[in-house]
Each structure stands twice: as C-alpha cells, then as structure tokens.
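Each chain gets a letter, A, B and so on, in the order its sequence line appears, and its residues count up from 1. Side chains are part of it too, since the values below use all heavy atoms of this structure and drop only hydrogens, waters and symmetry mates.
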2 protein chains.
Amino acid sequence: MTYEQFSKYSFLLDRTARRVKQYAQRKFKQQAFDVTVDQWLVLKNLSESEALSQSELAHLVFKDHPTLTRIIDILCKKGYVARLPHPQDRRSFQLLLTDTGKEKVLELKPQVSEIRQEAWKNLNQDDFNEFKRILDTIYTNLED
Amino acid sequence: MTYEQFSKYSFLLDRTARRVKQYAQRKFKQQAFDVTVDQWLVLKNLSESEALSQSELAHLVFKDHPTLTRIIDILCKKGYVARLPHPQDRRSFQLLLTDTGKEKVLELKPQVSEIRQEAWKNLNQDDFNEFKRILDTIYTNLED
DNA sequence: CAAATATACTTAGTGTAACAACTAATTTTT
DNA sequence: AAAAATTAGTTGTTACACTAAGTATATTTG
C-alpha cells in the first residue's frame with residue numbers, strides 16, 4: 001500500500017457515505033416521508049424491538065447518546081415515539097412507537113427499500129460480501 | 001440481494017465512515033494538529049495545486065460551496081490560507097497557502113499517513129482495489 | 001449506612017452537511 | 001447595449017457528530 005492509497009480510502013469512504021445519505025434524503029423529501037434518514041434508522045430499529053432504553057437503542061444504531069437524545073426529541077415532537085418512565089429505573093425511559101409511528105414504519109419500509117436498491121445496480125451478492133468484510137475489518141481495526 | 005441487505009449497506013457504510021473520521025479526529029486532537037480532518041483535506045488539496053478558486057477546490061474535495069466557504073473562513077482565521085482577489089474575475093478568489101500553511105502541510109503529511117494506515121491492518125492491495133471499485137460504483141450509481 | 005463510583009440522560013459548544021435564498025459580477029441573448 | 005441567464009461566493013436554517021460537562025438516580029464499597 002502506498003501513501004497515496006492510504007490517504008485515499010478515507011476520502012472515498014466519506015464521499016460515498018455522504019452521497020448515499022444525500023441521495024436517500026432527497027428521495028425522502030420528494031416523497032414527503034416527514035422524517036430524515038437518521039430518524040428513519042432509529043424508527044425502524046425501534047419497530048424491531050420496542051421498549052428499549054435510549055442507551056440500548058443508541059448501541060443498536062451506533063449513534064452516541066447526545067445525538068440519539070435529539071433524534072428522539074424530534075420523533076416525540078412529531079408524534080411517532082413516546083418516552084415512558086422505566087418501571088424499575090427512574091433515570092431511564094422506555095421508548096415506544098405510537099400508533100402513528102407504527103403506521104409510518106409500515107408505510108415507509110418498502111419505499112425505503114426501493115430507494116436503497118438504487119445504489120446497488122451493477123453489483124452482486126459477492127460484491128456485497130466483500131464490501132461488508134472490508135468495512136467490518138476497518139471498523140474493528142479502529143475499535144477503542 | 002434481500003431486503004435486509006439493501007437496508008444494511010448504507011448502515012455499514014455510514015457507521016464505518018463515521019468511525020474512520022472519529023478515529024482520525026481523536027488522533028488529530030491528541031497530537032494537537034490544530035486542524036480538523038476536513039480542514040486537513042482542504043489544506044492538503046490546496047498544497048497540491050495552489051491558486052485555485054473556491055469552486056475548483058470544492059469540486060476537488062467533493063464538498064459543496066457553503067461548506068467550503070466555512071472551512072476556508074476557518075483556515076484563513078487560523079492563518080493557513082489567504083484569499084487573494086482573482087485578477088480577471090472579481091467574483092472569485094485565488095486561494096493560497098500562507099508560509100505557515102505550507103509548513104503545516106509538510107509537518108502533518110507523514111503523521112496523517114501514519115494515522116490512516118491503522119484502518120488498513122489485515123487488508124491488502126486486492127482488498128483496496130475491490131473496495132475502491134465498489135465504492136466508485138455506488139457513487140456513480142447515485143450520480144444526479 | 002454514608003461515601004464513592006457508575007449509569008442514564010441532557011445541555012452546551014464546535015464543526016460539518018445539505019438545501020434554499022441571496023448578492024455581486026460576468027456572460028449570453030436578443 | 002439592455003435584459004436574461006449563469007456563475008462565484010455568502011448567509012441562514014435544520015440536522016447530525018463528537019467532546020465535555022452537568023444533573024439525577026442507582027449501585028458499589030468501606
């Protein structure tokens with residue numbers, strides 16, 4: 001590996017991640033989803049295992065606590081999520097989807113899937129496996 | 001490709017890009033580089049072809065104009081970059097590294113390279129080629 | 001059981017990203 | 001040459017990422 005390559009992988013990675021997010025966000029907006037890409041990630045994960053605390057959810061979506069706090073704030077304000085007091089621990093909340101939130105997830109899931117597929121044109125299953133392997137390796141290489 | 005995979009590539013990509021940036025940023029801070037990761041990218045590109053306009057530079061680093069304006073603002077304030085009036089076009093600037101800016105680039109270049117290599121442990125040249133191919137494919141798939 | 005420590009979450013501050021709207025200067029069109 | 005369109009850059013707004021510091025509650029330790 002040469003110096004130039006080392007300096008480039010981070011650039012390519014950042015550039016592509018931004019484009020992927022931007023592309024999805026634009027579609028989300030055009031189709032009036034009423035949530036951002038990150039809000040969708042949180043909503044979807046919550047729909048798959050409800051009654052999580054914010055810490056548990058933060059861990060699931062790999063976002064830090066302050067970021068998650070604010071995303072939850074917004075989702076509560078929009079009426080998709082509710083913070084219930086945790087029965088045993090008064091420091092924490094149980095996060096629940098409201099009925100509106102559940103409907104939103106059901107409505108958006110196939111549409112998001114559609115949008116996501118666009119990036120994967122001209123690429124196949126092997127490519128995905130390679131992609132995942134390399135990304136995961138980088139990720140764990142930089143683990144604290 | 002299944003639905004689950006489509007929903008996952010963007011997650012893996014975003015997660016890894018953030019970790020790579022965060023890792024580098026932490027090192028930058030520990031070693032008192034006095035610039036952020038994004039500011040470094042701009043500085044480095046400027047050192048490789050000076051007297052660019054902001055538009056040209058924005059194009060090089062794949063950042064949009066408002067973002068670049070703000071990064072340049074900071075780099076000027078820190079004394080690494082100067083905006084000179086463009087001789088032919090009064091709308092635009094020529095961006096130049098100051099002497100301090102040039103020194104900074106020379107000083108940081110090997111140190112940044114060192115930091116960047118960390119991510120690439122257990123991965124080789126073939127992996128890089130695959131990685132680049134897939135990222136570039138995704139990028140162009142989502143081109144406007 | 002009181003003191004120290006840890007955990008859950010929030011707030012504050014800085015930086016970046018994207019979009020929209022804006023000013024000023026330049027180029028094109030008619 | 002005036003009007004229209006384009007280009008260069010800035011400003012404003014919303015949202016996210018990360019760090020650090022703060023509050024409140026729980027848990028552990030002496």
Does A/Q88 have a side-chain nitrogen or oxygen under 4.0 Å from the phosphate oxygens OP1 or OP2 of D/dA26? no

Here the distance between atom C1' of D/dT27 and atom NE2 of A/H86, to the nearest Å, is 15 Å

I'd like to know if A/D64 and A/R70 make a salt bridge, using a cut-off of under 4.0 Å between side-chain N and carboxylate O. no

Write down the distance between CZ (B/F28) and P (C/dG15), rounded to a whole number of angstrom. 15 Å

What's B/R15 touching, base or sugar-phosphate or nothing? Going by heavy atoms closer than 4.0 Å. nothing

For atom CZ of A/R26 and atom C1' of C/dA20, their distance in whole Å: 14 Å

For A/T67, which contact category applies under a 4.0 Å heavy-atom criterion: base, sugar-phosphate, or nothing? base

So which heavy atom on A/D14 is nearest to which on B/K21, and how close? OD1-NZ, 4.2 Å

In sequence, state the C-alpha distance, the side-chain angles, and the governing distance for A/F33 and A/W40, and then conclude on ring pair (Phe, Tyr, Trp, His ring centres under 6.0 Å). CA-CA 9 Å; A/F33 283 4; A/W40 165 249; 7.8 Å; no

Interatomic distance, B/D64 CG vs C/dC19 C1' [rounded to whole Å]: 8 Å

Base D/dG12 paired with B/R70 side chain (donor-acceptor, <3.5 Å): yes

Given C/dT10, C/dA8, C/dA20, which nucleotide is nearest the side-chain atoms of A/S92? C/dA8

Has B/E114 got more than 12 heavy atoms of other residues, nucleotides or ligands less than 6.0 Å from its CD? no

Where does the angle between the aromatic ring planes of B/W120 and B/F128 fall among parallel (under 30°), tilted (30 to 60°) and perpendicular (over 60°)? perpendicular

Does D/dC16 have OP1 or OP2 sitting under 4.0 Å from an N or O in the side chain of A/T36? yes

Short side-chain N/O contact from A/K63 to OP1 or OP2 of D/dA17, under 4.0 Å: yes

How do A/H65 and A/K29 order along DNA chain C: which one's closest nucleotide is nearer the 5' end? A/H65

Sugar-phosphate, base or nothing in reach of A/I74, heavy atoms under 4.0 Å: sugar-phosphate

Using a 4.0 Å heavy-atom cut-off, does A/T69 contact any base of the nucleic acid, only the sugar-phosphate backbone, or nothing at all? base

Given atom CZ of A/R18 and atom P of D/dA17, what is their separation to the nearest angstrom? 14 Å

Below 4.0 Å: OP1/OP2 of C/dA8 and any side-chain N or O of A/R83: no

With a 4.0 Å cut-off on heavy atoms, is A/I71 in touch with a base, just the backbone sugar-phosphate, or nothing at all? sugar-phosphate

Comparing A/F93 with A/Q22, nearest DNA chain C nucleotide closer to 5' gives the residue A/F93

N or O in side chain of B/Q54 less than 4.0 angstrom from D/dT7 OP1/OP2: no

So, is B/R90 near the phosphate of D/dA8, with a side-chain N or O under 4.0 Å from OP1 or OP2? no

In whole Å, what is the span from the NZ atom of A/K21 to the C1' atom of C/dC19? 15 Å

Under 4.0 Å, counting only non-hydrogen atoms across every strand here, what does B/D38 touch: a base, just sugar-phosphate, or nothing? sugar-phosphate

Mind checking if A/R19 touches a base, just sugar-phosphate, or nothing, with heavy atoms under 4.0 Å? nothing

Between P of D/dT10 and NZ of B/K77, the distance in whole Å: 13 Å

Given the rule in the side chain to side chain contact (heavy atoms under 4.5 Å, CB included) test, do B/N141 and B/T137 qualify, once you have shown the distances and angles that lead to the verdict? CA-CA 6 Å; B/N141 279 344; B/T137 304; 3.9 Å; yes

What integer distance in Å separates B/L75:CG from D/dG9:C1'? 16 Å

Shortest non-hydrogen separation from A/D127 to B/I134 and the atoms involved: O-CD1, 3.4 Å

Sugar-phosphate, base or nothing in reach of A/Q25, heavy atoms under 4.0 Å: nothing

Any donor-acceptor pair under 3.5 Å joining the side chain of A/R91 to the base of C/dT7? yes

Mind checking if B/D73 touches a base, just sugar-phosphate, or nothing, with heavy atoms under 4.0 Å? nothing

